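Remember, predicted model here, so these are calculated numbers, not experimental data.
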Amino acid sequence: MNPIFPWLGIAVLILCGWAIVRKYQVNMVLLLGGLLLNALAIWGGAQVFPAKFNATGILGFDLVEFLRTISVSQVSGVGFLILISGGFAAYMQAIGASDRFVTVCAKPLSFIKNPYLILAAVFIVGHCLGLVITSAAGLAMLMVVTVYPLIIRVGCSPLAAAAVVASVLAIGYAPASGTANLASQIVHLDPIEYLVRYQLPMAVPVVIAMAVAHVFTQYWFDRREGKGEVADLAELESKRQNLEKTPAFYALMPLFPIALLLVFNKFVWGTGMNVATAMFIAWILAFVIDLIVRRNVKESFDLSFAMFKGMGSILTSTVGLIFVAAFFAKGLQNIGIVDLLMSGAQSIGLGYTGTSVVLSAIIGVVTVLTGSGVAAFTSLGHLVPDAAQAFNQNGIAMMLMMHTASEMLRAMSPVAGVIIIVAGFAKVNPLTMVKRTIIPCLTGYVVMLITVNLIV
């Protein structure tokens with residue numbers, strides 16, 4: 001291939017990045033970018049299509065057929081898993097189980113009376129809730145209803161409380177998180193293995209570091225800029241009491257899939273249960289319990305349909321994006337950008353760790369600029385196997401850095417949905433909120449990079 005083609009690919013990559021930052025529809029940007037990259041690669045003489053490929057000889061038709069084959073492989077693998085995870089999360093929300101899970105977990109926090117100590121505790125507890133609640137904005141608003149009044153009553157500032165709540169979901173965990181499931185699939189790991197062997201050991205020092213950073217950061221800003229305006233606690237208390245009308249044992253339901261997977265895996269049981277199977281079993285079990293408790297067959301049946309509605313919602317928001325992102329990533333590989341990147345990294349002595357840090361930083365910057373790391377991660381995450389192979393590595397450390405950056409640095413973005421929502425609740429500009437989250441997020445990011453380098 002002529003050396004000019006990888007540079008043409010970089011020009012396409014920059015153009016696509018500009019379009020994403022300018023809020024053009026991400027799926028169409030990646031689809032058209034993938035078509036252009038793969039067409040350029042064919043023009044440059046690269047072998048784009050796999051060996052067993054039904055080519056028609058018409059370039060446009062063949063590229064669309066290539067997209068179809070990639071889409072089929074994605075939907076039959078990680079795409080299906082993400083569909084089921086999204087559906088189960090929607091059902092837990094519909095019957096009130098995820099809301100009850102938050103209220104139950106928040107109860108022990110009432111025993112802490114020091115205002116800044118409770119901030120650290122709220123961050124740690126809130127982050128752990130991310131094992132089952134994968135929406136940053138959804139989790140933040142649940143914590144606003146359940147924990148915010150408690151924090152205010154012990155003397156915390158409203159702005160400090162809001163900043164902590166907005167940044168709790170710093171890591172998306174498998175098997176609940178769609179991007180975490182995608183990350184594990186790309187590096188050929190079972191989602192539970194990715195969680196237990198890599199994510200959890202990495203998360204412990206990272207979450208502690210972020211909690212400590214929040215304490216000092218919020219204390220400094222409270223003394224410098226004031227504490228902000230207190231929201232209507234009576235209204236929040238009324239909403240919390242309404243959430244607690246759901247039976248307390250419903251809080252266990254979101255944990256059903258994790259419990260099944262922790263028991264029925266190759267390390268404990270000798271053989272592993274598929275994650276999607278565990279989600280289906282948990283859904284059916286929760287439905288039966290809800291049917292018995294609710295004693296209204298029609299209502300329980302209607303609520304159970306939330307599983308399928310959630311699958312439809314996650315198809316449009318995430319699974320469809322994965323299709324075109326994988327197609328776009330193939331274009332980056334075919335046109336030679338990955339080879340150019342790796343040769344450049346080796347020529348300046350970056351090595352495997354340095355390249356991993358650079359790729360994670362790129363994803364982090366895009367996350368801050370766009371308010372979401374999903375597009376950046378799904379596009380560049382598929383490059384990990386080839387990039388790691390250039391250094392004779394398995395790619396797990398690189399994947400952990402890139403995936404975590406796409407989640408952790410979201411709270412630094414003034415255009416992130418969770419920041420906009422929580423800032424609106426706190427009645428401040430999103431930039432005011434971001435000032436209080438930058439230091440904890442960067443602290444967590446640096447500790448994450450160090451920890452991954454040590455444990456993987």
With sequence neighbours left out, write down each residue that passes side chain to side chain contact (heavy atoms under 4.5 Å, CB included) with [X], or none if nothing qualifies.
X	answer
Thr355	Met342, Ala345, Leu350, Leu359, Phe391, Met398
Val415	Lys23, Ser413
Leu67	Leu31, Ser71, Phe327

Can you list everything that forms a ring pair (Phe, Tyr, Trp, His ring centres under 6.0 Å) with [X]? Sequence neighbours excluded, please.
X	value
Phe308	Trp283, Phe305
Phe377	His403
Trp18	Tyr24
Phe256	none

Do the non-hydrogen side-chain atoms of [X] and [Y] ever get within less than 4.5 Å of each other?
X	Y	value
Arg22	Leu369	no
Arg100	Met253	no
Asn394	Val187	no
Leu195	Leu131	yes
Tyr194	Tyr173	no
Leu32	Leu36	no
Tyr198	Leu189	yes
Pro385	Ile186	yes

When you measure from the side chain of [X] to the backbone of [Y], do you find a donor-acceptor pair of N or O atoms at a distance under 3.5 Å?
X	Y	answer
Gln393	Gly395	no
Gln218	Ser157	no
Gln25	Met28	yes
Asn181	Ile82	no
Thr432	Val428	no
Thr437	Val434	yes
Ser177	Ala174	no
Thr443	Ile439	yes

Item to complete: Kindly indicate, with the supporting measurements, whether the criterion side-chain hydrogen bond (donor to acceptor under 3.5 Å, both in side chains) is fulfilled by Thr370 and Ser372.
Response: CA-CA 5 Å; Thr370 63; Ser372 172; 5.6 Å; no

[atom2] on [Y] to [atom1] on [X], rounded to 0.5 Å:
X	Y	atom1	atom2	answer
Ile362	Leu341	CD1	CG	7.0 Å
Asn38	Ile335	CG	CD1	8.5 Å
Leu332	Leu37	CG	CG	5.5 Å
Leu400	Ser356	CG	OG	10.0 Å
Met307	Ile284	CE	CD1	8.5 Å
Phe80	Leu83	CZ	CG	7.0 Å

I need the minimum non-hydrogen distance between [X] and [Y], along with the two atoms involved.
X	Y	value
Ala41	Val48	CB-CG2, 3.8 Å
Ile421	Met141	CG2-SD, 3.2 Å
Val324	Asn27	CG2-O, 3.8 Å
Met202	Val206	O-CG2, 3.2 Å
Ala306	Tyr91	CB-CA, 4.0 Å
Ala325	Thr378	CB-O, 3.3 Å

Discussion item. Applying salt bridge (Lys or Arg N to Asp or Glu O under 4.0 Å) as the test, list every pair that has at least one member in residues 196-218; sequence neighbours left out.
Written reply: Glu193-Arg197

Fill in: Pair listing, salt bridge (Lys or Arg N to Asp or Glu O under 4.0 Å) test, anchored in residues 321-347, at least two apart
none

Worksheet entry | Positive for ring-ring contact (aromatic ring centres under 6.0 Å, His included) with Phe66, one of Phe323, Phe61, Phe49, Phe328 |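 Considering Phe323, Phe61, Phe49, Phe328, a ring-ring contact (aromatic ring centres under 6.0 Å, His included) with Phe66 is found only for Phe49.
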
Worksheet entry | Residues Val26, Leu321; criterion side chain to side chain contact (heavy atoms under 4.5 Å, CB included); working and verdict | CA-CA 8 Å; Val26 174; Leu321 178 60; 3.6 Å; yes

May I have the list of side-chain donor-acceptor pairs in residues 5-17 shorter than 3.5 Å, sequence neighbours left out?
none

Worksheet entry | Ring center gap for Phe216 and Tyr116 short of 6.0 angstrom |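 No, ring centres 6.0 Å or more apart.
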
Fill in: Sequence neighbours excluded, every pair satisfying side-chain hydrogen bond (donor to acceptor under 3.5 Å, both in side chains) that has a member inside residues 161-172
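Sorted result for residues 161-172: Ser167-His214.
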
Worksheet entry | Side chains of Tyr445 and Ser360, donor plus acceptor under 3.5 Å | yes

Discussion item. I'd like to check the salt bridge (charged side-chain N to carboxylate O under 4.0 Å, His left out) partners of Arg410; sequence neighbours left out, ordered by chain and number.
Written reply: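 Expected list: Glu407.
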
Fill in: Plane angle bin for His127 and Phe123 - parallel if under 30°, tilted between 30 and 60°, otherwise perpendicular
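The rings of Phe123 and His127 lie parallel, inter-plane angle below 30°.
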
Discussion item. Test side chain to side chain contact (heavy atoms under 4.5 Å, CB included) on Leu442 and Met412; report intermediate values, then the result.
Written reply: CA-CA 9 Å; Leu442 288 178; Met412 290 172 50; 3.9 Å; yes

Practice prompt. Apply the test side chain to side chain contact (heavy atoms under 4.5 Å, CB included) to residues Ile42 and Leu63: give CA-CA distance (whole Å), side-chain angles for both, the deciding distance (0.1 Å), then the verdict.
Written response: CA-CA 10 Å; Ile42 293 172; Leu63 286 175; 4.0 Å; yes

Item to complete: Tell me, with the steps shown, if Leu182 and Met399 meet side chain to side chain contact (heavy atoms under 4.5 Å, CB included).
Response: CA-CA 10 Å; Leu182 175 63; Met399 180 58 73; over 6 Å; no

